[in-house]
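Contents: one structure, followed by commentary.
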Amino acid sequence: MKPTLLIVDDDEEIRTQMKWALTRDYEIVQAGDRAGALEAARTARPAVVLLDLGLPPHPNSPDEGLATLTELLAADPQTKVVIISGQGEKSNALRAVGAGAYDFLGKPVEMEELKLLLKRCFHVALLEREYREIQQKILGESFDGILGGSTRMQATFEAIRKVATVDAPVLILGESGTGKEMTARSIHQRSARRNGPFVAINCSAIPESLMESELFGHEKGAFTGAHAQRKGRIESAHGGTLFLDEIGEIPPPIQVKLLRFLQERVIERVGGRQEISVDTRVLAATHVDLKKGMATGSFREDLFYRLAVVQIVLPPLRERENDIVLLANAFLQQSAKETSKNGLAFSPEATRAILRHAWPGNVRELQNRVRRAVIMGGTKRLTAQDLELEAAAPNGSTLKEAREALEREMLQQSLRRHAGKITAAANELGISRPTFYELMDKLGIQKPEKPE
Ligand SMILES: Nc1ncnc2c1ncn2[C@@H]1O[C@H](COP(=O)(O)OP(=O)(O)OP(=O)(O)O)[C@@H](O)[C@H]1O
């Protein structure tokens, strides 16, 4: 099947000429104005669009063409739009590239040049689609809801698989929001105890005075306010898994009792004298360095070695390669579905800002920012501002980097347009040949294979 190309030009003669020249390789769809272009894009879903900027009702200004470009990209940010610009309209074409157009060609259009450019556009569009499909597949096959295609997360999944089947305690380490509780749930789900209870307790959320009775339970009258006998969390986890989150927050007297439970598998309720055996697997997690606690005496070494028979370390989000953008997109899709905002996507500048941010709150922070942006932001494109992130300078953080990125882009595009001919490219950009060579050198652009 031939790929679909949409040609948007108000001059029917030009459209017909192009159609004749390109119909062998592409399924051609045509439109003469903005409304027609959007309708054709919606129904035919072309990967590439050729767009003349001068469209009715303002054929002599680029405004209608630029508005069409913006709306085409808002409807499908993946579309590759190639601008056809008249003589002396380079600044408009550059504006269009700034607004997200993929490339531009000057009039009169040279058919061979156009064919080459289209071939490249469709090739890039195809590669991008394949990449997205692979990533989608990786994300689709999430590990008990834990998303991650990075090598670090794949290694984590492997570790979970291995520890799930043995009954040993596991200590899960990782910064806040890295998915420690999700990991604990996954271990439980994959273990022989999956039909038993999963009891999670956040040790940092319980006041010290209540912690002992919360964990071990109490007998009636054990202390003021103990009106009835109450089972503790450990006992409730009988037959299943007990997850002790923020284990570093447990005060030393309770650490002793916990150690005894881990050694002897029996507990005593507060105020009780009877030993109760409890069969539960213990998983613990912390975002603090327990070794420091051991050095200062706030965390017992013997308890640490009991809990840390096996350790799983969750990497911070910033170390998970491509996962950041994948997770951001997955959360975007989830939230967009919940709020019925179909076709919502990040702007390129938002994606750059996502990549630049250090994510101290890890996956939880990412999830929260994306959710908030989906609710508060527009209906088509989410900006860095919607995410409450600092907008990044284009392709770099400093003015120098941004300038160099733009220069590199312009030189490369010009070289492509002139099939590697340096004199022509230098002429187009209004610089001398030696300056062109100097810039190529400075910006690390490879010399064309067959220099003139
Ligand atoms: N890899 C992931 N894929 C999808 N969602 C994730 C992933 N990691 C974390 N989350 C989500 O991020 C949030 C935080 O995860 P979780 O509570 O497991 O982290 P945590 O490390 O236990 O956090 P804390 O240290 O603050 O207790 C949850 O809403 C969870 O669903």
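One is the number of the first residue; the rest follow in order along the sequence. In listed order, ligands and their atoms are each counted from 1.
- Protein heavy atom at the shortest distance from atom 25 (O) of ligand 1 is Lys180 NZ, 2.6 Å.
- Between the side chains of His218 and Gln229, not a single donor N or O lies within less than 3.5 Å of an accepting N or O.
- The option with the heavy atom closest to atom 4 (C) of ligand 1, from among Ser204, Gly145, Ser150, is Gly145.
- Between Phe216 and Leu258 the shortest heavy-atom distance is CZ-N, 3.9 Å.
- For the residue pair Thr178 and Asn362, no side-chain donor N or O sits within less than 3.5 Å of a side-chain acceptor on the partner.
- Neither the backbone nor the side chain of His287 has a heavy atom within less than 4.0 Å of ligand 1.
- In Leu327, the part holding a heavy atom less than 4.0 Å from any atom of ligand 1 is the side chain.
- When each of Arg318, Glu365, Glu390, Arg352 is paired with His357, the side-chain hydrogen bond (donor to acceptor under 3.5 Å, both in side chains) condition holds for Glu365 and for no other.
- The aromatic rings of Tyr26 and Phe122 lie parallel to each other, with less than 30° between the two planes, well short of the 60° mark.
- When only non-hydrogen protein atoms are considered, atom 1 (N) of ligand 1 lies nearest to Leu147 O, 2.9 Å.
- Backbone and side-chain nitrogen or oxygen atoms of Val363 are examined, and none is located within less than 3.5 angstrom of a nitrogen or oxygen of ligand 1.
- Protein heavy atom closest to atom 17 (O) of ligand 1, with residue, atom name and distance, is Arg364 NH2, 3.3 Å.
- Taking CG of Leu22 as the reference point, atom CG of Leu5 lies at 6.5 Å (rounded to 0.5 Å).
- For atom 12 (O) of ligand 1, the closest heavy atom belonging to the protein is Gln367 OE1, 3.5 Å.
- The protein atom (non-hydrogen) at minimum distance from atom 27 (O) of ligand 1 is Asp245 OD2, 3.3 Å.
- In plain terms, the two heavy atoms of Asp76 and Arg45 that are nearest each other are OD2-NH2, 4.0 Å.
- If you number the atoms of ligand 1 from 1 as listed, the ones under 4.0 Å from a heavy atom of Gly177 come out as 19 (O), 20 (P), 21 (O), 23 (O), 24 (P), 25 (O), 26 (O).
- Residue, atom and distance of the protein heavy atom nearest to atom 30 (C) of ligand 1 are Met182 SD, 3.7 Å.
- What sits closest to atom 19 (O) of ligand 1 on the protein, heavy atoms only, is Gly179 N, 3.1 Å.
- For the 3.5 Å distance criterion, the side chains of Ser347 and Glu349 qualify, holding a donor opposite an acceptor.
- Remark: minimum distance from atom 22 (O) of ligand 1 to any protein heavy atom is reached at Glu181 N, 3.0 Å.
- When only interatomic distances are considered, the shortest N/O to N/O separation between Phe331 and ligand 1 does not fall below 3.5 Å.
- Annotation: side chain of Arg381 is in contact with side chain of Pro348 (closest heavy-atom distance under 4.5 Å).
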